[in-house]
Amino acid sequence: MKTVRLGADELAPAIEALARGELVAFPTETVYGLGAHGLKASAVSRIFAVKGRPQDNPLILHVLDQEGLERLASPGGVNRWALSLTEAFWPGPLTVVVPAASEVPREVTAGLTTVAVRAPSHPIARALIAGIAAPIAAPSANLSGRPSPTAFSAAWEDLAGRVPYIIDGGRCEVGVESTVVDCTTSPVTILRPGGISVEMVASVVGEVQFPRPGGPARSPGMKYRHYAPQKELIWLVAADSGSLAQARRGVLSPYGRAAVIAPDGVSVPEGWPAYSLGPDEASAARELFEAIRQMDQTDADVIVVMWASERGLGRAVANRLEKAASMKVVL
Ligand code: TXA
Ligand code: MG
């Protein structure tokens with residue numbers, strides 16, 4: 001299939017394609033999404049085929065606002081937690097899980113009785129939803145198992161030849177996916193940390209809980225390997241030059257050169273490729289996936305990511321590294 005790049009001001013062909021049941025990759029403020037008309041079962045099925053996504057991993061429906069959420073939830077399904085969280089953080093990087101209305105295709109929910117819904121803030125995403133006057137089902141626009149795309153080039157790398165249109169919106173502002181909050185439990189359950197920090201969610205609903213480790217996979221996506229580059233990725237839970245030097249004498253000694261992804265201020269050995277995660281948690285979230293993709297393309301033997309913070313968006317960064325790393329080393 002020939003894939004056409006569309007600019008931000010040429011959305012008409014993308015809207016027509018979505019309305020016809022075809023797929024379009026588009027930018028959101030978190031990551032690029034691979035979108036389909038969310039109420040057409042056959043369109044939604046194509047997402048799984050194109051990504052190579054396991055059928056039992058449900059999708060997020062993207063809407064404009066709380067009214068869009070109400071239409072996808074069962075009557076009375078939008079409880080006070082779903083209301084107050086969406087009031088506080090929509091449009092933005094927050095997904096709420098609520099009991100599903102009967103019109104939601106089972107291809108979206110993967111047979112669950114709940115549905116995940118998010119209102120993105122990105123103007124291109126919003127124009128597409130408004131353009132088809134229906135929710136858009138969209139996972140991240142990567143091939144299954146690969147790092148999520150946070151730049152047009154990354155979405156193109158994975159999906160060119162597989163979808164008719166990819167819309168170029170430049171880099172994504174947040175850079176990690178939305179925070180997924182199951183509002184059907186008491187207290188609410190944070191299924192995936194993301195662009196809205198745990199502290200921010202707790203400031204609205206008070207108490208929060210997390211899925212029990214080792215318990216049943218509450219969010220089917222949690223059981224799969226994710227975000228992995230081709231090279232081996234070692235996560236060093238540290239953020240200083242001394243720790244890198246120590247790792248070089250120890251865990252990194254069997255390797256030749258490493259490509260190092262680290263916050264500002266870590267000094268990297270001469271001749272090693274490096275990518276900075278910037279000064280803080282927000283910049284690290286924005287850069288992480290792009291850093292992994294770019295360092296994967298260097299001639300280094302291994303990728304090393306240095307990251308230690310769990311504050312704010314640091315928690316989402318740590319969560320993605322937990323899933324992407326083949327080895328985690330606490331220094
Ligand atoms: O920021 C984002 O959320 C991006 C952009 C494109 O909006 N989308 C995204 O979608 O990250 P995806 O498919 O990569 O991740 C959706 C996550 C998965 O972990 C999935 O298991 C979970 O949401 N999920 C979807 N529906 C669910 C449901 N009914 N109950 C529990 N978890 C659900
Ligand atoms: Mg994904």
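Computed over heavy atoms, backbone and side chain alike; hydrogens, waters and symmetry mates excluded. Atoms within each ligand, like the ligands themselves, are counted from 1 in listed order. It should be emphasised that the depicted structure is a prediction, and the values quoted were computed from it without experimental measurement. Here, residue 1 is the first one in the sequence, and each next residue gets the next number.
- For the pair Tyr32 and ligand 1, the shortest N or O to N or O distance does not fall below 3.5 Å.
- In summary, the atoms of ligand 1 found under 4.0 Å from a heavy atom of Gly33, numbered by their order in the structure, are 6 (C).
- Of all the atoms in ligand 1, the ones that sit under 4.0 Å from a non-hydrogen atom of Leu59 are 25 (C), 26 (N).
- A cation-pi arrangement is absent between Arg5 and Phe26 under the rule of less than 6.0 angstrom and at most 45 degrees off the ring axis.
- Looking at Ser241, its side chain does come within 3.5 Å of a backbone N or O of Ser267 through a donor-acceptor pair.
- Residue Asn57 approaches ligand 1 through these ligand atoms, each under 4.0 Å from one of its heavy atoms: 18 (C), 20 (C), 21 (O).
- For ligand 1 and Val97, the ligand atoms under 4.0 Å from any heavy atom of the residue are 30 (N).
- Annotation for ligand 1: atoms under 4.0 Å from non-hydrogen atoms of Leu112 are 28 (C), 29 (N), 30 (N).
- One option in Lys51, Arg192, Arg53 has a heavy atom closer to atom 15 (O) of ligand 1 than any other, and that option is Arg192.
- The hydrophobic cluster containing Val268 also contains Val302, counting ILVMFWY residues as joined when their side-chain heavy atoms lie under 4.5 angstrom apart, directly or transitively.
- A side-chain donor-acceptor contact under 3.5 Å links Tyr32 to the backbone of Gly169.
- In terms of heavy atoms, Pro105 sits closest to Lys40 at CG-N, 4.5 Å.
- On a distance-only criterion, Thr95 and ligand 1 share no N/O pair closer than 3.5 Å.
- In terms of heavy-atom proximity, Val97 sits nearest to Val180 at CG2-CG1, 3.8 Å.
- For the Mg ion (ligand 2), the set of nearby N, O or S atoms under 2.8 Å includes none belonging to Ser148.
- Closest non-hydrogen pair, Val31 versus Ser140, comes out as CG2-CB, 3.9 Å.
- Note on ligand 1: Thr109 sits outside its first shell, no heavy atom being nearer than 4.0 Å.
- Those atoms of ligand 1 with a heavy atom of Thr30 less than 4.0 angstrom away are 1 (O), 2 (C), 4 (C), 5 (C).
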Practice prompt. Might you work through the side chain to side chain donor-acceptor pair (under 3.5 Å) test for Gln294 and Glu287, ending with a clear yes or no?
Written response: CA-CA 10 Å; Gln294 288 195 21; Glu287 298 299 337; over 6 Å; no
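- Less than 4.0 angstrom separates some heavy atom of Leu191 from each of these atoms of ligand 1: 31 (C), 32 (N).
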